[in-house]
Amino acid sequence: MSNDGNGIQRADFAAIAQWVQAGARVLDLGCGDGTLLKYLKAQRGISGYGVEIDDDSLLACVKNGVNTIQTDLERGLSDFENNSFDYVILSQTIQAVKNSEVVMREMLRVGREGIVTFPNFGYWKNRLQIARGRMPVSDNLPYEWFNTPNVHLCTIADFERFCGERRIRIVERKVLTRGKAVTVLPNLLGALAIYHFGS
């Protein structure tokens, strides 16, 4: 799920690239068409793999020149040894996995550090739609309630509490709205959260 479905680079790509060291080994979980890995290869000279289950996305990865393994990340990452990668990325996918806790734990087993991005359910426009009695639909949450792949929507406050309770160390956080950094009241004013974390 590393692009917007139209092949257009997302705003979070540049933020992710700032945290990834040049030449790093990267694993992108739920990599979609491989656009993020292709971007990181061009910008940071990384090497790595994508993990994806969808057949059409796998074909798109091949077209983008991205090495991809077809597997269900819900089953864990047993194909990978401990500390196989410098970074494991879960970009706008955590809300679509059934067991976020297992996936986060596996990310830190397989990689030295992790990067997660997700739509902030606490964003004021989402809250306004809920106050009007409707499930939110927006750029970052483009699905209707009946066709959404999202099973675990969360807010910035929820994610930080989750990490704190599991002793997951947050290295850095960036919050964006329409590609611009949000520093004041991020849980209310931020549409997209990006976290860099470690054990």
Enquirer: Is it the case that more than 12 heavy atoms not belonging to E165 sit under 6.0 Å from its CD atom?
Expert: yes
Enquirer: Under 3.5 Å, is there a donor on one side chain and an acceptor on the other for D54 and Q70?
Expert: no
Enquirer: Are the side chain of N64 and the backbone N or O of G34 linked by a donor-acceptor pair below 3.5 Å?
Expert: no
Enquirer: Got a sec, which residues hit side chain to side chain contact (heavy atoms under 4.5 Å, CB included) with E74, two or more places apart in sequence or on another chain?
Expert: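 Side chain to side chain contact (heavy atoms under 4.5 Å, CB included) check on E74 returns D72, V97, K98, N99.
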Enquirer: Would one find more than 12 heavy atoms of other residues, nucleotides or ligands at under 6.0 Å from atom CZ of R75?
Expert: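 Open.
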Enquirer: Just checking F197: does its CZ atom have more than 12 heavy atoms from other residues, nucleotides or ligands closer to it than 6.0 angstrom?
Expert: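 Enclosed: over 12 neighbouring heavy atoms sit under 6.0 Å from CZ of F197.
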Enquirer: Spell out, yes or no, whether L27 and V102 are grouped together once hydrophobic residues are joined by side-chain heavy atoms under 4.5 Å, including indirect joins.
Expert: no
Enquirer: If we count only N and O atoms by modelled type, under 3.5 Å, do the side chains of E172 and Y195 hold a donor and an acceptor together?
Expert: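 There is no such pair between these side chains.
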Enquirer: Ring pair (Phe, Tyr, Trp, His ring centres under 6.0 Å): which pairs involve residues 125-158, sequence neighbours left out?
Expert: none
Enquirer: Can you classify the ring geometry of H196 versus Y87 as parallel (below 30°), tilted (30 to 60°) or perpendicular (above 60°)?
Expert: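 Taking Y87 first and then H196, their aromatic rings sit tilted (interplane angle of 30° to 60°).
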Enquirer: In this structure, which one of I89, T71, V116, L77 forms a side chain to side chain contact (heavy atoms under 4.5 Å, CB included) with L29?
Expert: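 Result: among I89, T71, V116, L77, L77 is the only option passing the side chain to side chain contact (heavy atoms under 4.5 Å, CB included) with L29.
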Enquirer: Check whether more than 12 heavy atoms from other residues, nucleotides or ligands sit under 6.0 Å from atom CZ of R166, and answer yes or no.
Expert: yes
Enquirer: If you draw a 6.0 Å radius around CG in D139, do more than 12 non-hydrogen atoms from other residues or ligands fall strictly inside?
Expert: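 Atom CG in D139 is not crowded, with 12 or fewer foreign heavy atoms closer than 6.0 Å.
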Enquirer: Could you check whether any side-chain N or O of S57 sits under 3.5 Å from a backbone N or O of D55, counting only pairs where one atom can act as donor and the other as acceptor?
Expert: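 Between the backbone of D55 and the side chain of S57 there is no qualifying donor-acceptor contact (under 3.5 Å).
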Enquirer: Between S138 and N140, is any side-chain donor less than 3.5 angstrom from a side-chain acceptor?
Expert: no
Enquirer: Under the side chain to side chain contact (heavy atoms under 4.5 Å, CB included) criterion, do F121 and D158 qualify, and how do the steps go?
Expert: CA-CA 10 Å; F121 202 65; D158 289 328; over 6 Å; no
Enquirer: Hey, mind stepping through M135 and V137 against side chain to side chain contact (heavy atoms under 4.5 Å, CB included) and telling me if it holds?
Expert: CA-CA 7 Å; M135 282 297 288; V137 176; 6.0 Å; no
Enquirer: Using modelled atom types only, decide if a donor and an acceptor are shared between the side chain of E52 and the backbone of G32 within a distance under 3.5 Å.
Expert: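 The answer is yes, because a donor-acceptor pair under 3.5 Å joins these two groups.
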